[in-house]
A.B. asks: 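Here it is: the structure, laid out below.
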Amino acid sequence: MPELPEVETVRQYLLPRIVDRRIVTARFLDHRVLPLMEAAAASQILIGRTIHDITRRGKYLVFWLSAQGMIIVHLRMTGRLFVVDGLGPPAGERCSAWFQLDNGQGLCFQDTRRFGTIYVGDQQLLSEIPGLANLGPDPTSSKWTGSVLHQRIHQRRAPIKSLLLNQTVVAGIGNIYADESLHCAGIHPQRLGLSLDAEECDTLAQCVKDILQSALAYEGTTFRDFRLGYDQTGSFQERLQVYGRTGEECRHCSGSIERISIAGRSSHYCPNCQPS
DNA sequence: GAGAGCCTGGCG
DNA sequence: CGCCAGGCTCTC
């Protein structure tokens with residue numbers, strides 16, 4: 001569900017609410033959320049630690065705790081994190097994990113489809129989680145340029161859409177912002193990586209940067225049941241050019257937005273603005 | 001590369 | 001009822 005702008009919005013929501021708070025207890029109510037560890041062992045590590053900071057790498061949230069402790073969260077498709085008053089999960093909210101804080105509030109991890117994951121340990125986690133250790137450059141950083149993109153895809157036969165979704169190529173892009181970035185750059189999603197020249201890579205890298213930055217400014221994209229924090233929603237959905245607009249008019253050329261499947265993911269594009 | 005699988009829920 | 005879903009991993 002959440003891509004880089006949504007995960008970053010969640011980080012900015014959480015930070016002032018839990019920084020300097022101490023974890024009193026940690027409860028894992030669904031064992032699937034903790035793939036690498038028993039709930040009791042994870043709780044044991046967390047009890048009594050203070051949350052010093054939250055950072056983000058791609059779509060991962062990294063909680064830095066006292067005494068080298070660390071929690072890493074991946075929301076996958078439907079994960080949510082929110083802080084509420086109480087000494088346990090609120091009635092009516094199915095929390096897969098609950099972190100009781102020392103101010104009478106708690107942090108709930110909620111996840112309808114249960115794909116989300118929480119890792120608990122020390123700073124070794126950063127290199128132990130394969131998906132995290134092998135992430136490509138973050139498009140919000142200075143390491144993301146057209147020449148870096150070109151160098152990473154110029155020998156790849158995969159469609160550019162798949163390469164943008166590949167987190168080892170670039171971190172943080174998902175299905176919505178891959179489609180929006182390709183439309184911005186005027187590049188057909190099925191173009192092979194090796195077919196993009198240096199100039200197209202410059203354009204695409206800049207589009208990725210601009211789209212993500214704009215989406216973050218609008219606090220992400222919200223539809224279906226996604227919420228940032230407890231009940232807040234983003235508004236970038238009003239600015240989507242192609243995603244979810246199958247059959248509608250392209251805002252640039254008045255052509256009709258088409259939808260195809262690439263590597264099992266729906267892909268939306270304007271055949272006129274993005275010729276093959 | 002493409003497809004299945006992991007899960008649950010909303011929508012037509 | 002079937003289809004779809006903002007992610008990722010594993011197999012053919």
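It should be emphasised that the depicted structure is a prediction, and the values quoted were computed from it without experimental measurement.
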A.B. asks: Is A/I23 linked to A/L61 within one hydrophobic cluster, defined over Ile, Leu, Val, Met, Phe, Trp and Tyr using a side-chain heavy-atom separation of less than 4.5 Å?
C.D. replies: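 In one cluster: yes.
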A.B. asks: Take A/C184 and A/C207 through the disulfide bond (SG atoms under 2.5 Å apart) test and state the conclusion after the steps.
C.D. replies: CA-CA 6 Å; A/C184 161; A/C207 279; 2.0 Å; yes
A.B. asks: For atom P, what is the distance between C/dC8 and B/dG9, given to the nearest Å?
C.D. replies: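 After rounding to an integer number of Å, I get 22 Å for this pair.
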A.B. asks: Look at the side chain of A/E6 and the base of C/dG6, then say whether one donor and one acceptor between them are separated by less than 3.5 Å.
C.D. replies: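 Pair found.
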A.B. asks: Backbone N or O of A/R251 within a donor-acceptor pair of the A/Q241 side chain at under 3.5 Å?
C.D. replies: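 Answer holds: no.
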A.B. asks: Side-chain N or O of A/H74 less than 4.0 angstrom from OP1 or OP2 on C/dG7?
C.D. replies: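 No, A/H74 has no side-chain N/O under 4.0 Å of OP1/OP2 on C/dG7.
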A.B. asks: Hey, is the main chain of A/T168 close enough, under 3.5 Å, to the side chain of A/R152 for a donor-acceptor pair?
C.D. replies: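 Checked: pair present.
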A.B. asks: C/dG6 P sits how many Å from A/L81 CG, rounded?
C.D. replies: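 Checked: the CG to P distance equals 20 Å.
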A.B. asks: Take A/R259 and A/P130, find for each the nucleotide of DNA chain C with the closest heavy atom, and name the residue whose nucleotide sits nearer the 5' end.
C.D. replies: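 Its nearest nucleotide being more 5', the pick is A/R259.
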A.B. asks: Give the rounded distance in Å between these two atoms: CZ of A/R113 and P of B/dG5.
C.D. replies: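 So the CZ-P distance, A/R113 to B/dG5, works out to 15 Å.
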A.B. asks: What's the CG-C1' distance between A/N166 and B/dA2, to the nearest Å?
C.D. replies: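 Taking CG of A/N166 and C1' of B/dA2, I get 15 Å after rounding.
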A.B. asks: Nearest to the side chain of A/R94 - B/dG1, B/dG9, C/dG6?
C.D. replies: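 Out of B/dG1, B/dG9, C/dG6, the nucleotide with an atom closest to A/R94's side chain is B/dG9.
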A.B. asks: Looking at C/dC8 and A/F115: do their rings stack (centroid distance under 5.5 Å, interplanar angle under 30°)?
C.D. replies: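 Aromatic stack with C/dC8 absent for A/F115.
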A.B. asks: For C/dC3 and B/dA4, measure between their P atoms and round to the nearest Å.
C.D. replies: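 About 12 Å, rounded to a whole number of Å.
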A.B. asks: In whole angstroms, how far is the P atom of B/dG1 from the CD1 atom of A/I160?
C.D. replies: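 Those two atoms, CD1 and P, are 12 Å apart.
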A.B. asks: Between A/I262 (CD1) and B/dG3 (C1'), how many Å, whole number?
C.D. replies: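 Computing the A/I262:CD1 to B/dG3:C1' distance gives 15 Å.
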A.B. asks: Looking at the side chain of A/R265, which of B/dC7, C/dG6, B/dG9 is the nearest nucleotide?
C.D. replies: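 It is C/dG6.
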A.B. asks: Have A/Q105 and A/N103 got a donor and an acceptor in their side chains that come within less than 3.5 Å?
C.D. replies: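 A donor-acceptor contact under 3.5 Å links the two side chains.
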A.B. asks: Specify the separation, in whole Å, of atom CD1 of A/I129 and atom C1' of C/dG7.
C.D. replies: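 Answer to the nearest Å: 15 Å.
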A.B. asks: Using the P atom as the point on both nucleotides, what is the distance between B/dG5 and C/dG2, in whole Å?
C.D. replies: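 Approximately 16 Å lies between the P atom of C/dG2 and that of B/dG5.
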A.B. asks: Are more than 12 heavy atoms, taken from residues, nucleotides or ligands other than A/R191, located less than 6.0 Å from that residue's CZ atom?
C.D. replies: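 Result for CZ/A/R191: enclosed.
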A.B. asks: Quick one: label A/R156 by what it contacts on the DNA or RNA (base, sugar-phosphate, nothing), any heavy atom closer than 4.0 Å.
C.D. replies: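 Touches nothing.
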A.B. asks: Angle class for the A/F236/A/Y218 ring planes (parallel below 30°, perpendicular above 60°, tilted otherwise)?
C.D. replies: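 Correct class here is tilted.
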A.B. asks: Taking B/dC6 as the reference, what is the distance to C/dC1 when you measure between their C1' atoms (whole Å, please)?
C.D. replies: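 Going atom to atom, C1' in each nucleotide, I get 22 Å.
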A.B. asks: Sort by first number and list every stem of DNA chain C: at least 3 consecutive Watson-Crick or G-U wobble pairs, both distances under 3.5 Å.
C.D. replies: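 Stem segments, range with range: B:1-6 with C:7-12, B:8-12 with C:1-5.
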A.B. asks: Given side chains that start at C-beta, do those of A/L46 and A/F63 come closer than 4.5 Å, heavy atoms only?
C.D. replies: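 No. Closest side-chain heavy atoms not under 4.5 Å.
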A.B. asks: Measure CG/A/L61 against P/C/dG6 and give the value in whole Å, please.
C.D. replies: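 It is 20 Å, rounded to the nearest whole Å.
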A.B. asks: Determine the contact category for A/G264: base if any of its heavy atoms lies under 4.0 Å from a base atom, sugar-phosphate if only primed atoms, P, OP1 or OP2 are that close, otherwise nothing.
C.D. replies: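 Nothing: the residue A/G264, judged by heavy atoms under 4.0 Å, touches no strand.
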A.B. asks: Verify the contact: side-chain N or O of A/Q167 to OP1 or OP2 of C/dG7, cut-off strictly under 4.0 Å; return yes or no.
C.D. replies: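 For C/dG7, neither OP1 nor OP2 has a side-chain N or O of A/Q167 closer than 4.0 Å.
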A.B. asks: Below 4.0 angstrom from OP1 or OP2 of C/dG6, is there any side-chain N or O of A/Y177?
C.D. replies: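 The answer is no; no side-chain N or O of A/Y177 sits under 4.0 Å from OP1 or OP2.
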A.B. asks: Could you tell me how far apart A/R157 (CZ) and B/dA2 (C1') are, to the nearest whole angstrom?
C.D. replies: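 To the nearest whole Å, that distance equals 16 Å.
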A.B. asks: Stepwise, does the disulfide bond (SG atoms under 2.5 Å apart) test hold for A/C250 with A/C273?
C.D. replies: CA-CA 9 Å; A/C250 175; A/C273 296; 3.7 Å; no
A.B. asks: For B/dC7, does the base pair up with any side-chain atom of A/R114 as donor and acceptor (N or O, under 3.5 Å, distance only)?
C.D. replies: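 There is none.
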A.B. asks: With the side chain of A/S266 defined as its heavy atoms from C-beta on, choose the nearest nucleotide among C/dG6, B/dC7, C/dC8.
C.D. replies: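 Among C/dG6, B/dC7, C/dC8, the one nearest the side chain of A/S266 is C/dG6.
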A.B. asks: Classify A/S162 by what it touches in the nucleic acid, base, sugar-phosphate, or nothing, heavy-atom distance under 4.0 Å.
C.D. replies: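 A/S162: no heavy atom of the nucleic acid under 4.0 Å.
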A.B. asks: Side-chain N or O of A/K59 versus OP1/OP2 of C/dG6: is the shortest distance under 4.0 Å?
C.D. replies: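 No.
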